[in-house]
There are 2 protein chains.
Amino acid sequence: MALYRQVKHELIADIQSGKFQPGKALPNETELAQRFGVSIGTLRHAVDELVADHVLLRQQGRGTFVGQQDNDRFMYQFFKIEGRDGLREFPQIRLLAFDTARASAEEAQALGLRGAARVFRIENVLSLQGRPVVHDRIALSCTLFARLTRAQFEQRPGTIYELYQRAFGVTVVGADERARAEGADAASATLLQLAEGTPVLRVARVAHTFDRQPAELRISIIDTRAHEFVSSASATP
Amino acid sequence: MALYRQVKHELIADIQSGKFQPGKALPNETELAQRFGVSIGTLRHAVDELVADHVLLRQQGRGTFVGQQDNDRFMYQFFKIEGRDGLREFPQIRLLAFDTARASAEEAQALGLRGAARVFRIENVLSLQGRPVVHDRIALSCTLFARLTRAQFEQRPGTIYELYQRAFGVTVVGADERARAEGADAASATLLQLAEGTPVLRVARVAHTFDRQPAELRISIIDTRAHEFVSSASATP
DNA sequence: AAGTGGTCTAGACCACTTG
DNA sequence: AAGTGGTCTAGACCACTTT
């Protein structure tokens with residue numbers, strides 16, 4: 001196996017173990033290269049890939065930092081809803097429910113769990129400009145997020161993914177999403193102040209950590225009368 | 001400006017000018033490096049980025065090739081509709097209409113045209129497993145695609161993007177997409193064999209070439225009773 | 001065997017940020 | 001001025017494909 005890949009996975013391990021903390025600077029490149037016993041070019045090759053995945057962040061003249069799942073990154077990487085006019089806004093989030101239950105078939109499949117496994121179920125409503133726009137239902141493995149509490153969830157200082165990262169060492173690095181249109185069911189219709197059956201967008205997102213390990217399933221029901229779901233795949237400039 | 005970026009743009013220019021043909025091999029890396037007067041590392045840095053954008057394709061031991069907009073690449077990079085079971089299939093495409101008209105406000109804005117500019121309007125129905133699933137309306141600038149004919153469009157051997165690439169030197173390298181749910185209008189409902197008002201997915205895609213120059217606006221109306229629109233953002237393994 | 005891309009080295013110098 | 005990442009060089013050797 002290529003050397004730079006080993007270095008990359010050692011860096012990932014150091015992040016997951018908490019040796020390198022989110023937001024903190026790594027040692028400089030020459031020191032890291034010496035520590036891993038590789039040349040600077042090889043060390044940079046490894047760091048390059050982690051920077052491309054938003055796991056690390058380089059700033060010329062300042063240093064290399066462990067990426068934080070803060071509001072900025074959440075908005076830019078995972079929150080893909082914006083107004084039809086293109087305006088983006090940080091949503092106001094209200095927690096509706098927090099339970100545990102046996103995983104449904106869809107949850108077990110998405111999260112890679114056995115049929116009998118238990119999951120946390122969390123329900124949120126997200127508002128933009130004071131109006132409810134998204135109804136989120138989240139499922140998390142009780143094994144991966146052991147001892148998660150409602151209080152922890154409600155009183156978190158930052159984003160949900162920041163909580164995953166700081167309290168459970170789970171760094172979300174990507175997501176697979178599947179979208180379809182459907183008529184709003186009774187529950188979503190009430191929450192989003194719509195007539196039942198109104199066309200809404202349903203997005204199922206499986207967020208995953210390193211090696212595509214699934215970490216979270218989220219079903220978002222979106223009122224697209226004034227907002228849209230955006231997705232972009234663009235070349236480097 | 002960094003040297004490798006200049007090299008990258010010289011390579012792009014050579015592809016756009018037709019000096020390097022789609023599907024053909026480039027000269028080997030040492031020769032390219034000499035030709036551009038840079039070291040092999042710098043040449044590789046430039047090629048690395050073009051490979052990441054799927055513009056070039058490297059195969060160890062064989063060479064470096066100009067990426068072709070063939071069926072495989074189309075399916076993998078731009079056709080994001082698959083069955084709920086995850087099955088992907090190449091669609092059967094039927095041309096419904098081919099016209100020119102003054103650009104609408106939405107078309108002019110998406111394609112970066114003045115209000116009075118003319119566009120080609122093309123309408124397709126895409127079928128999967130013999131059933132109509134997607135109603136596509138495409139708008140192209142008459143300036144960028146000068147002298148495009150209906151016959152050219154109907155009798156193209158490969159994908160639409162392959163036609164853009166071979167006949168007009170337009171290499172599509174990315175796309176921005178915006179999705180929302182709406183009730184099917186009369187035209188789409190008939191084509192997709194739905195009741196009018198049935199929830200359907202509406203995806204507006206602006207495909208662009210190098211430097212994010214817009215090349216195509218496509219409005220897709222998708223019947224998501226058996227299919228979904230997929231979108232993935234994942235870290236390198 | 002010859003030719004290709006893939007990896008790795010050990011430096012040099014530049015551009016930027018901070019004290 | 002000192003410390004950081006960003007770019008570039010000129011080579012060596014490896015892994016893979018083709019002839």
Side-chain angles (χ1 to χ4, degrees), chain A residues 1-12 14-15 19-68 70 72-73 235-237, chain B residues 1-12 14-15 19-68 70 72-73 235-237:
Chain A
M1 199 226 227
L3 234 188
Y4 78 92
R5 286 198 158 279
Q6 293 176 36
V7 172
K8 178 181 175 182
H9 282 95
E10 291 192 66
L11 289 168
I12 289 173
D14 286 340
I15 293 165
K19 185 170 166 186
F20 298 149
Q21 299 278 333
K24 303 285 187 183
L26 267 59
N28 72 48
E29 298 189 334
T30 43
E31 186 182 332
L32 279 176
Q34 285 175 357
R35 193 181 294 191
F36 290 123
V38 299
S39 80
I40 249 204
T42 302
L43 183 274
R44 278 188 63 84
H45 195 164
V47 173
D48 281 345
E49 290 203 354
L50 292 169
V51 168
D53 298 340
H54 310 283
V55 172
L56 297 178
L57 196 91
R58 279 203 279 229
Q59 289 180 250
Q60 187 175 46
R62 302 221 314 127
T64 303
F65 304 84
V66 180
Q68 276 188 96
D70 57 12
D72 286 350
R73 177 167 167 198
T236 34
Chain B
M1 198 225 230
L3 235 189
Y4 77 92
R5 282 193 163 281
Q6 293 175 36
V7 172
K8 179 181 175 182
H9 283 95
E10 292 192 65
L11 288 168
I12 289 172
D14 285 341
I15 292 166
K19 185 169 166 189
F20 297 149
Q21 298 279 333
K24 302 285 187 182
L26 268 59
N28 73 48
E29 298 189 335
T30 43
E31 186 181 332
L32 279 175
Q34 285 175 355
R35 194 178 293 191
F36 291 123
V38 300
S39 79
I40 240 191
T42 301
L43 183 274
R44 278 188 63 84
H45 195 165
V47 173
D48 281 346
E49 290 203 354
L50 292 169
V51 168
D53 299 339
H54 310 284
V55 173
L56 296 179
L57 197 96
R58 281 204 277 230
Q59 287 179 251
Q60 186 176 45
R62 304 223 311 129
T64 302
F65 304 83
V66 180
Q68 277 188 97
D70 57 12
D72 285 351
R73 179 168 168 197
T236 34

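Each chain gets a letter, A, B and so on, in the order the sequences are listed, and its residues count up from 1.
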- May I have the step-by-step check of side-chain contact (heavy atoms from CB on, under 4.5 Å) for B/Arg73 and B/Asp70, ending in yes or no? CA-CA 6 Å; B/Arg73 179 168 168 197; B/Asp70 57 12; 3.5 Å; yes
- Query: Which is it for A/Leu26 and A/Asp14 under the side-chain contact (heavy atoms from CB on, under 4.5 Å) test, yes or no, and what are the steps along the way?
  - Reply: CA-CA 10 Å; A/Leu26 267 59; A/Asp14 286 340; over 6 Å; no
- Passes side-chain contact (heavy atoms from CB on, under 4.5 Å), A/Thr64 versus A/Leu57? Steps please. CA-CA 6 Å; A/Thr64 303; A/Leu57 196 91; over 6 Å; no
- Query: What's the verdict on side-chain contact (heavy atoms from CB on, under 4.5 Å) for A/Leu11 and A/Val47, showing C-alpha distance, side-chain angles and the deciding distance?
  - Reply: CA-CA 8 Å; A/Leu11 289 168; A/Val47 173; 4.0 Å; yes
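Of the two residues near DNA chain D, A/Pro27 and B/Met1, the one whose nearest nucleotide lies more 5' is A/Pro27.
Residue B/Thr30 is classed as having no contact, given no heavy-atom separation below 4.0 Å to the nucleic acid.
Rounded to an integer number of Å, the gap from B/Phe36 CZ to D/dC8 C1' is 16 Å. If you take NZ of B/Lys8 and P of D/dG6, they are 16 Å apart, rounded to a whole angstrom. In this structure, A/His45 places its NE2 atom 17 Å from C1' of D/dG5, rounding to the nearest Å. Atom CG in A/Leu50 sits about 16 Å away from atom C1' in D/dG5, given to the nearest Å. Atom pair B/Leu57:CG and D/dT17:P shows a separation of 14 Å (rounding to whole Å applied). The distance between atom CG of A/Asp48 and atom C1' of D/dG6, rounded to the nearest whole Å, is 10 Å.
In summary, A/Arg35 and A/Glu10 do not engage in a salt bridge, as defined by a charged side-chain N under 4.0 Å from a carboxylate O.
Nearest heavy atom pair, residue B/Leu43 against residue B/Ala33, reads CG-N, 3.9 Å. B/Val7 and B/Ala46 make their closest contact through CG1-CB, 3.7 Å (heavy atoms, listed as atom of the first residue, atom of the second, distance).
For the atom pair CZ (B/Arg58) and CG (B/Leu50), the distance works out to 9.5 Å, reported to the nearest 0.5 Å.
In DNA chain C, runs of at least 3 consecutive Watson-Crick or G-U pairs, each pair with both distances below 3.5 Å, span C:1-18 with D:1-18.
Residue B/Arg58 places at least one side-chain N or O under 4.0 Å from the OP1 or OP2 atom of C/dG6. When the side-chain nitrogen and oxygen atoms of A/Asn28 are compared with OP1 and OP2 of D/dG3, none of them lie within a distance under 4.0 Å. Residue B/Arg44 places at least one side-chain N or O closer than 4.0 Å to OP1 or OP2 of C/dG6.
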- nucleotides 9-19 of chain C: protein proximity per nucleotide (B base, S sugar-phosphate only, - neither; heavy atom, under 4.0 Å): B-----BBSS-
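By the 4.5 Å heavy-atom criterion applied to side chains, A/Gln6 and A/Val38 are not counted as neighbours.
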